[in-house]
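Side-chain atoms are counted along with the backbone in the values below, which use heavy atoms only and exclude waters and symmetry mates. From a predicted model like this one, the values you see are computed outputs, not experimental measurements.
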Amino acid sequence: MVRLIELAITSAITASIGGISYAALNPRELEGTAQRVADQATCRTVDTAIVGYLMNNGTQPTSIAQIEDYVRGDISRYRIVNGIADGPGCAKIRR
C-alpha cells in the first residue's frame with residue numbers, strides 16, 4: 001500500500017515538473033498568453049476610468065468611447081449604465 005502512494009506522489013511531481021519545463025522551454029507562447037491576459041480590461045478598470053473622466057471633465061461619461069484614453073486595454077465589451085461599468089465580470093446592475 002505504501003508503495004502505491006509513493007508511486008502516485010512521484011508521478012504527480014514528475015508531471016508538475018514536466019509542465020513547468022514545457023512552459024520554460026516555450027517562452028513565446030507563454031509571453032503571448034500573458035500579453036492577452038494583460039490586455040483585457042476589467043470592470044474595475046472601466047469604473048476607475050469613469051471616475052477619472054468625471055474628475056477631469058466635471059460630467060459623467062455616457063459612452064465607452066469617451067473613456068478610451070483613460071484605459072490601457074480592450075474595453076469594447078463594456079458599456080456605461082447609470083454612471084457605472086456594465087460588462088464581463090461586473091456585478092449585475094439594479095435598475
Side-chain angles (χ1 to χ4, degrees):
M1 182 71 170
V2 173
R3 296 199 187 269
L4 185 59
I5 292 172
E6 290 172 355
L7 179 63
I9 291 172
T10 302
S11 297
I13 291 171
T14 302
S16 296
I17 291 171
I20 292 169
S21 297
Y22 175 77
L25 295 174
N26 195 356
R28 292 228 184 261
E29 183 177 329
L30 190 60
E31 180 181 334
T33 301
Q35 188 61 48
R36 281 191 300 279
V37 171
D39 287 343
Q40 295 174 356
T42 65
C43 193
R44 184 180 304 246
T45 303
V46 177
D47 278 334
T48 302
I50 291 170
V51 171
Y53 182 92
L54 176 63
M55 291 179 69
N56 285 337
N57 297 291
T59 61
Q60 289 185 354
T62 55
S63 74
I64 289 297
Q66 292 174 294
I67 62 169
E68 286 179 338
D69 292 340
Y70 293 80
V71 179
R72 197 179 315 168
D74 181 18
I75 59 172
S76 61
R77 298 181 336 188
Y78 293 90
R79 61 192 181 118
I80 299 173
V81 178
N82 297 328
I84 58 174
D86 183 30
C90 298
K92 295 294 179 192
I93 298 173
R94 296 184 183 155
R95 299 180 210 282

Inset, instruction - Show the numbers, then the answer: is there a side chain to side chain contact (heavy atoms under 4.5 Å, CB included) between E68 and I75? - result: CA-CA 7 Å; E68 286 179 338; I75 59 172; 4.0 Å; yes
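- With no hydrogens or angles considered, no side-chain donor-acceptor pair links N57 and T59 at under 3.5 Å.
- Separation of atoms CG (N82) and CD (Q60) is listed at 9.0 Å; rounding is to 0.5 Å.
- Considering every non-hydrogen atom in both Y53 and P61, the closest pair reads CD2-CD, 3.4 Å.
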Inset, instruction - List the steps, then state whether side chain to side chain contact (heavy atoms under 4.5 Å, CB included) holds for I80 with I64. - result: CA-CA 6 Å; I80 299 173; I64 289 297; 3.9 Å; yes
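- Of all the heavy atoms in Y78 and P88, the pair that sits closest is OH-O, 3.1 Å.
- Between I50 and V46 the shortest side-chain heavy-atom distance falls below 4.5 Å.
- Residues T45 and T42 have side chains that bring a donor and an acceptor to within less than 3.5 angstrom of each other.
- In plain terms, the two heavy atoms of A85 and C90 that are nearest each other are O-SG, 3.8 Å.
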